[in-house]
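Structure record follows, encoded as structure tokens.
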There are 2 protein chains.
Amino acid sequence: MNETECEPGSLSHEDAATYATWFKALADPMRVRLLNLLATERRAMTVGEIVGLLPIGQSTVSHHLRILAEVRFVLAERQGTSTRYEVNGACLECFPAAVRAIMGQP
Amino acid sequence: MNETECEPGSLSHEDAATYATWFKALADPMRVRLLNLLATERRAMTVGEIVGLLPIGQSTVSHHLRILAEVRFVLAERQGTSTRYEVNGACLECFPAAVRAIMGQP
DNA sequence: GCCTTGATTCCACAGACGTCGAAACAATGG
DNA sequence: CCATTGTTTCGACGTCTGTGGAATCAAGGC
């Protein structure tokens, strides 16, 4: 089982798996639109607000936001009876950095 | 059917769908490793060569390479009895550009 | 204490995906 | 023409995913 492989490429299995989860989080058109919406509005938004702007139901919006939050692309903050979601500006750094790491850029 | 929606966000449905297919192409750890392998070797490689370096079968490597080629992350060139795959350097430009477009960066 | 509003979780279902092995295809060498 | 080597396609299997609707939970307002 232990193959003592020499790890081809410059990435470890773990890094490759991590980056794959990042890409997977954006591998759906609705999640891309969702993130773009939050980024262009430049403010925290509630689920109900988003439901009125995208052609999907409440539970589906919540589902997508959870996926985006799991990889830290968006941040959630409970405020009273509603939850406010906003873009995590940090992913502007680490996301292109991951691309450079994969493509072996210096 | 025509809802005359005001297209929330800065991206059109079509652009969002296109970017989603790009991310989907990298939404698998093995494809990330595959692209990283081709990028770090900095040369065109054959399927058989790659099969010896990654823990998956020949047909699966071919399958993943086809997906990466469909979105132009890699380029394929048939050479005699074998096919040589190499990274498409152009995606170093357009990929971070897509991220900036989604995140509304100027 | 109830009721209302907003959000999440649960369930179900259709469709897509990753993987393998076998079969088919392509190109070269005997 | 047949054999060989490298690659792609096909069929199948189990798993994961996007979506909606119903139920549940959380926090205020009456």
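Proteins come first, then strands; the chains are lettered A, B, ... in the order of their sequence lines, and each starts at number 1.
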Q) Does a nitrogen or oxygen in the side chain of A/Tyr85 sit under 4.0 Å from OP1 or OP2 of C/dT8? A) yes

Q) Just how far, in rounded Å, is C1' of D/dT17 from CD1 of A/Ile67? A) 8 Å

Q. Considering only C/dT19, D/dT8, D/dG18, which nucleotide approaches the side chain of B/Thr60 most closely?
A. C/dT19

(Q) Quick check on C/dG18: is either OP1 or OP2 less than 4.0 Å from any side-chain nitrogen or oxygen of B/Arg31? (A) yes

Q) So B/Leu35 and A/Met103, side chain to side chain contact (heavy atoms under 4.5 Å, CB included) or not? Walk me through it. A) CA-CA 7 Å; B/Leu35 186 61; A/Met103 306 295 284; 3.8 Å; yes

Q) Atom CE of B/Met30 to atom C1' of C/dC17: distance rounded to whole Å? A) 14 Å

(Q) Would you say the ring centers of B/Phe73 and B/Tyr85 fall short of 6.0 Å from each other? (A) no

Q | Interatomic distance where NE2 belongs to B/His64 and P belongs to D/dT9 [whole Å] | A | 15 Å

Q: Please tell me which of the listed nucleotides, D/dA26, D/dT9, D/dT19, lies nearest to the side chain of A/Ile56?
A: D/dT19

Q: Take atom CZ of A/Arg66 and atom C1' of D/dG18, then tell me their distance rounded to the nearest Å.
A: 13 Å

**Q.** Between C1' of D/dG18 and CZ of A/Arg33, the distance in whole Å
**A.** 15 Å

Q: Please figure out whether A/Gly57 or A/Gln79 has its closest DNA chain D nucleotide nearer the 5' end.
A: A/Gly57

Q. Between B/His63 (NE2) and C/dA24 (P), how many Å, whole number?
A. 21 Å

(Q) I'd like to know if B/Ser59 reaches the base of C/dG21 with its side chain such that a donor and an acceptor end up less than 3.5 angstrom apart. (A) yes

Q. From B/Thr21 OG1 over to B/Glu70 CD, what is the distance, rounded to the nearest 0.5 angstrom?
A. 9.5 Å

Q: Rounded off to whole Å, could you give me the CG-to-P distance for the B/Asp28 and D/dT17 pair?
A: 11 Å

Q) Can you tell which of C/dA7, D/dT7, C/dG18 lies closest to the side chain of A/Thr46? A) C/dA7

Q) Backbone N or O of B/Gln58 within a donor-acceptor pair of the B/Ser62 side chain at under 3.5 Å? A) no

Q | Atom pair CZ (B/Phe23) and CZ (B/Phe95), whose distance is rounded to the nearest 0.5 Å | A | 5.0 Å

(Q) Output the rounded distance in Å from CD (B/Glu49) to P (D/dG6). (A) 11 Å

Q. Can you check whether A/Thr81 has a side-chain N or O nearer than 4.0 Å to OP1 or OP2 of D/dA27?
A. no

